[in-house]
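Here the structure comes first, spelled out in structure tokens, and everything after it is commentary.
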Amino acid sequence: MRDVNVTEKDKADFTDLVELACRLGAGDAAMVPAAAVPVEDSLARLCSDPPCGNYGTSAGCPPHVAGPPGFRKLLRECEWALIFRIEVPSSVLLSEERREVFRRLHEIAAEVERRAVQMGFHKSRGFAGGSCRELFCRDQEVCRVTAEGGPCRNPHHARPSISGFGVNVSKLMGAAGWAMNRVGGENQKDGNPGTGTVCGLVLVG
């Protein structure tokens, strides 16, 4: 934690949240000030121009989310953010197995969010990489929320996609003091397939 203006109880709670994320499968987790989470409108526009295959099909993706303006409002309401990451072999991220990895991201974000709310941080919200429809409702014809105005089929696991809010994931990793490995990046050369970084976050407030 970068800010000393935090109570001893909050420090203990934040430690519990970080440890929970790691027990659930995160390789690393850290608390940073919410103001350090970078949001860029241009990144959110990548979801629609040209349209991603998930654009408009999921309650957790644009245009059904509040985008950068809504996320900036949440950042103003929360003082802290828990960031977590998983390092995954590039071969997995380039295969059908990647869905299980991204499902785990959503499940970690959802569980940490629930624990934070139980601790009294009632404005806490979780976000993760990947489209919830592709990960949890791939076999369903439509997203029940967007197509029918009905309840989400997976409310305890699915969380909004971090991409649709314009969060700069590379800079987000830097805010936690981590380097981000990209598929095809510098850590994947000389025949070494390397790893890729996937991440999620929970705004705590």
- Query: Excluding sequence neighbours, so at least two apart, what forms ring-ring contact (aromatic ring centres under 6.0 Å, His included) with Phe165?
  - Reply: Phe71, Phe127
- Message: Within this structure, what is the OG-CD distance for the pair Ser95 and Glu100, rounded to the nearest 0.5 Å?
- Response: 10.5 Å
- Task: Would you confirm whether Arg114, through its side chain, and His156, through its main-chain N or O, come within 3.5 Å as a donor-acceptor pair?
- Result: yes
- Write down the atom of Ala21, the atom of Ala29, and the distance for their closest heavy-atom approach. CB-CB, 3.9 Å
- Other than Leu46, what residues sit in its cluster of Ile, Leu, Val, Met, Phe, Trp and Tyr side chains whose heavy atoms are under 4.5 Å apart, directly or through others? Leu43
- Query: Do the charged groups of Glu107 and Arg104 touch, with an N to O distance under 4.0 Å?
  - Reply: no
- Message: Test your reading of the model: is there a side-chain donor-acceptor pair from Asn168 to the backbone of Lys171, 3.5 Å cut-off?
- Response: yes
- Query: Are Phe84 and Cys199 side-chain neighbours, meaning at least one heavy-atom pair lies under 4.5 Å?
  - Reply: no
- Note on the structure: By side-chain contact (heavy atoms from CB on, under 4.5 Å), Arg23 pairs with (sequence neighbours left out) Glu19, Leu20, Arg115
- Query: Looking at side-chain heavy atoms only, is the closest gap between Met173 and Arg85 below 4.5 Å?
  - Reply: yes
- Message: Counting C-beta onward and ignoring hydrogens, is there a side-chain heavy-atom pair between Leu201 and Leu172 closer than 4.5 Å?
- Response: yes
- Query: Do Arg72 and Val37 have side-chain heavy atoms sitting under 4.5 Å apart?
  - Reply: no
- Message: Just verifying a value: how many Å separate Ser90 OG and Arg98 CZ, rounded to the nearest 0.5 Å?
- Response: 13.0 Å
- Looking at side-chain heavy atoms only, is the closest gap between Arg125 and Val202 below 4.5 Å? no
- Query: Which pair of heavy atoms, one from Arg182 and one from Ser170, lies closest together, and at what distance?
  - Reply: NH2-CB, 3.3 Å
- To the nearest 0.5 Å, how far apart are OH in Tyr55 and SG in Cys47? 8.5 Å
- Note on the structure: Note: Met119 and Lys9 closest approach over all heavy atoms is O-NZ, 4.0 Å
- Query: If you group Ile, Leu, Val, Met, Phe, Trp and Tyr by side-chain heavy-atom gaps below 4.5 Å, do Leu94 and Ile86 land in one group?
  - Reply: yes
- Side chain to side chain, Leu203 and Lys123, heavy atoms closer than 4.5 Å: no
- Short side-chain to backbone donor-acceptor contact, His106 and Ala158, under 3.5 Å: no
- Query: CZ of Arg133 to CZ of Arg144: how many Å apart, nearest 0.5 Å?
  - Reply: 12.5 Å
- Glu141 atom CD, over 12 foreign heavy atoms within 6.0 Å: no
- Expected output: side-chain Arg138 to main-chain Leu135 donor-acceptor under 3.5 Å: no
- Message: Using side-chain heavy atoms (C-beta onward) and a distance below 4.5 Å, is Asp10 in contact with Phe121?
- Response: yes
- Item | Contact check, side chains of Cys132 and Arg159, non-hydrogen atoms, under 4.5 Å | no
- Message: Working to the nearest 0.5 angstrom, can you tell me the gap between Cys143 SG and Glu148 CD?
- Response: 8.5 Å
- Task: Tell me whether the centres of the aromatic rings in Phe136 and Phe102 are closer together than 6.0 Å.
- Result: no
- Can you see which heavy atom on Ser161 is nearest to which on Cys61, and at what distance? CB-SG, 4.0 Å
- Of all the heavy-atom pairs spanning Met31 and Val204, show the shortest one and how long it is. CE-CG2, 4.2 Å
- Query: Going by atom types only, do Ser124 and Glu113 share a side-chain donor-acceptor pair under 3.5 Å?
  - Reply: no
- Separation between CD of Gln140 and CZ of Arg153, rounded to the nearest 0.5 Å: 4.0 Å
- Between Trp178 and Asp28, what is the shortest heavy-atom contact and its length? CZ2-CB, 3.5 Å
